[in-house]
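Chain identifiers are assigned alphabetically (A, B, ...) following the order of the sequence lines, protein sequences preceding nucleic acid strands; residue numbering begins at 1 within each chain.
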Amino acid sequence: MSKRQLAMVMDLNKCIGCQTCTVACKTQWTNRNGREYMYWNNVETYPGDGYPKKWMELGGGFDAAGDLQPGIVPNIESDYGVPWDYNYDSLAEQNLIAGGMTPGLHPDTTPTWGPNWDEDQGDGDFPNDNYFFYLPRICNHCSNPGCLSACPRDAIFKREEDGVVLVDLDRCQGYRYCIAGCPYKKIYFNPKISKSEKCILCFPRIEQGLPPACAQQCVGRIRFVGFLDDEESQVYKLVHKYKVALPLRPDYGTQPNVYYVPPTEAPPKFDSEGKIIEGSNRIPIEELEKLFGPAVHDAIKTIKAEKEKRKKTGESELMDILIAYQHSDMFRLDNHYYQEVAKAKGMKPLAPVDERYIQGKHTKISHFKVHS
Amino acid sequence: MKKIVQISAALSLAASALLAETVLAVKVDTDLSGFKCKDEAVKLAKFTEVALYPQTTIKLNDKKANELNSANKAKRVQVAALYDGKNIALILRWPDKTRTVQQGYKSDVYGDGFAVQFATKFDEPEKLPYIGMGSDGRPVVIYLQKAVAKVYEPNADGVVGYQVNPHNTNRFGEDLEKFEKRVEQLAIRDYQKAFVSEGFRSMTEIKDKSAKYSADMHYVDAKKMWGGAVVRPLKDEYANLDKGAIPVALAVWDGEKLQRDGQKYLSGWIAVKLVGKTGGNRLAEVVNEKAKGDVAKGKELSMQNCASCHKFPGSSAPEYMAPDLSNIGGQATAAYIRESIVDPNAVVVPGYNRNSHPNFQWYMTDDKGNRTSTMPPFDYLDKQSIEDIVAFMQTLKAEVEK
């Protein structure tokens, strides 16, 4: 367990599925070098099979007794979808009159799956009770990470100062047990360097006091970032004070540190004659309970009550937070904190990257410290 | 029925005695430093058959791999050794119906591979390192070769300009071809690594060029077999092998069964006798020792004393409450089993990941911060009872694949 824990809250009522976060992350970290297929951040449409395909059925996580569960390592072609390219090279040579091939721009492979393959598909009968919502997902930087528990090489570590979970690329031997062990399948295998890679919560940015790229770029302002023990942070208020932000699939036993404000508002359903069913809600509560656990009932109740309170009195701290008037208020990263950590550890202040991430913390055997 | 069991136990002992012979390292005049499996010198090698048993001590969490490996038998591997006065070459041949290479843009493909492990201290052969990657104070040095297609590993070279996806380079036609050739040139050609290790998870790659070695691996389609060789100096800062006999352990991985890391076939310590050098008899005796105990009595005693925590045929222990002993007879020496019964703290393997099974802690930390085994010492058992248990434990091993 780390001394402090950095956390993110995502308000699903505000996510519009624009994938700006996805692109921000992709261009910052994973657009090259065996990472082409990786989406450390992806936004999937729920209900749907997601990315990788059917990730919730691929095992990992812990059972009620706390034992790590076996899982499956997804396949790039069938479960992630090979990132396809286009026939740019042959475009110039295409003979539109005599050429055998169909002229024009085509994918260079037949795509079968991708990071948002089931976009906006949803569930239910249109127009009666169909529904969907967007679920942005990153590594949850769990307090009890399945990936860390599964690694036989001690190559995954959780930073003491902020609980960010990182892969020590020096120690990683590409066994991929971490992928099987993560129930969210948010750790990826880089086939070109034969090592595992994952969301680093933009720690080089965070150490400079900047929010992660996905959070900074989010046009819907759905993402809050802060320390869970910082009572001034909006993250603390959403998670601990109002208890409206809940972890995804808490039943996996990993104690995730990315929290979601569940979607509370959806249009009412129509009956067989096309009339509105009063008081109905298209998003089945069972689905939300599956994703966020039984606490979702109270969370929704709280949000609705605060909304009413706002209507009546014009005041509600929770509504003020969720509306996010000032983007900067959503992030409380305490830049000074990292400087203090660096000073205490004798590190260069604000190192651009965590040295263990690239060099390995145990390069020599004499440095190897067993975690008891 | 009892008689049949005894006969079959006797037969399996006879078969394993045949398989556990000492390997003779033949002295050659040629320089072995660049030795490859196809070299002429291989004709001088004397091959001995040893059995490699499925590693079952710990549980790894790959569901598909666990299913594919659940019914594994032991694998016969032919081993030989050559030495030239400066270097020693270990040569392996093992059957594998499928040539599996980790290649291309794949996330769930694993390559076949092999490893040769040397103990760095073996003056006291009764205290050889724990077979699965050594243990605290008893380090091993391991040479690994995997069937991995060329991969571009920029982290090793730091050539950032070539880390770019070819389609992001503004290169077309011939220019792009040149770019891709350059990437190919920068690729890691062979997956060979040397490690030092003092137990699970402590395995650390030797990257500072202090280990001089080479490895070679090739598949013979006609025979459906892999051949492999590891050459290293007789003496370096990790081990002095310039002795009458040295302990060596072998592992092979079958990529088809998604094997990697702990999911593998593993031998016990094998004595490799350097022909022409004196000494080493004690080592050969210890690694080939068959305990002189009563197997039937040993089974009874094991059921009373060991079966509530350790898994082996007939025991009722929950999975991985303690190390699974199903193949202990194929992988541990009699001396090691004896030591573990009397003094479980003698070998405390560091780094067993207690996070994965917090309910079954194999180790505890004492007041002084030392890790101790959860298993109590069974030193109150009389000598004969211990020998009986050891004799029974030595029968615990998977059948050898024909």
Side-chain angles (χ1 to χ4, degrees), chain A residues 31-34 36-37 58-60 62 65-77 79-80 82 85-86 88-89 144-146 148-155 169-171 173-177 179-181 188-189 191-195 358 360 362-365 367-368 370-372, chain B residues 58-66 102-110 136 139 148 151-156 163-165 167-168 172-173 176 188 191 193 196-205 207-208 258 260-262 320 350-351 353-360 363-365 369 371:
Chain A
N31 61 348
R32 55 172 71 169
N33 220 8
E36 294 86 349
Y37 84 97
L58 299 179
F62 300 85
D67 279 355
L68 184 68
Q69 295 302 293
I72 292 165
V73 178
N75 171 289
I76 289 188
E77 278 101 353
D79 300 323
Y80 295 106
V82 175
D85 223 311
Y86 292 88
Y88 301 116
D89 292 347
N144 181 29
L148 186 150
S149 286
C151 179
R153 294 267 308 152
D154 202 24
L169 289 180
D170 189 59
R171 287 199 63 75
Q173 287 293 318
Y175 298 144
R176 290 159 264 180
Y177 293 110
I179 302 172
Y188 297 87
F189 177 62
K192 288 200 182 156
I193 62 169
S194 197
K195 286 170 196 294
I358 48 166
H362 307 308
T363 302
K364 287 186 180 153
I365 190 144
H367 293 179
F368 183 72
V370 174
H371 302 281
S372 56
Chain B
I58 55 156
K59 185 182 188 179
L60 292 150
N61 66 317
D62 185 318
K63 200 175 176 189
K64 277 190 192 167
N66 289 343
Q102 186 182 315
Q103 60 181 341
Y105 208 57
K106 312 270 181 197
S107 54
D108 54 355
V109 172
Y110 301 85
D136 247 350
V148 171
V151 285
Y152 173 45
E153 189 178 353
N155 287 320
Q163 292 185 20
V164 183
N165 181 321
H167 292 296
N168 287 348
F172 289 97
L176 186 62
I188 302 296
Y191 190 99
K193 289 181 180 181
V196 282
S197 176
E198 287 189 64
F200 298 140
R201 301 169 83 206
S202 74
M203 192 170 85
T204 301
E205 192 182 343
K207 277 187 164 178
D208 59 0
L258 310 185
R260 74 276 195 191
D261 182 50
Y320 303 98
N353 197 340
R354 68 200 287 175
N355 297 317
S356 40
H357 304 282
N359 303 306
F360 300 136
Y363 301 111
M364 296 186 293
T365 311
R371 282 156 64 82

Check your understanding: Are the side chain of Tyr105(B) and the backbone N or O of Tyr37(A) linked by a donor-acceptor pair below 3.5 Å?
Key -> yes
Practice item. Grab the two heavy atoms, one from Pro191(A) and one from Gly104(B), that are nearest each other, plus how far apart they are. Key: CB-O, 3.6 Å
Exercise for review: Sequence neighbours left out, what passes side chain to side chain donor-acceptor pair (under 3.5 Å) with Ser194(A)? Give chain and number order.
Suggested key: Gln102(B)
Practice item. Please answer whether the main-chain N or O of Tyr177(A) pairs with a side-chain N or O of Asn61(B) as donor and acceptor at a distance below 3.5 Å. Key: yes
Review point. If you take all heavy atoms of Met203(B) and Tyr175(A), which pair is closest and at what distance?
Key: CE-OH, 3.6 Å
Review point. With chain B, which of Gly59(A), Gly60(A), Pro70(A) has the greatest number of heavy-atom pairs at distances under 4.5 Å?
Key: Pro70(A)
Exercise for review: Identify the two heavy atoms, one from Tyr80(A) and one from Ser107(B), that lie closest to each other, and give their separation to 0.1 Å.
Suggested key: CE1-OG, 4.2 Å
**Study point:** Asp108(B): side chain to side chain contact (heavy atoms under 4.5 Å, CB included) partners, not counting sequence neighbours
**Key:** Val73(A), Asn75(A)
Exercise for review: Would you mind checking if Glu205(B) and Arg171(A) are paired as a salt bridge, meaning a charged N to carboxylate O distance below 4.0 Å?
Suggested key: no
**Study point:** chain B contact via Gln173(A) - which portion, at a heavy-atom distance below 4.5 Å
**Key:** both
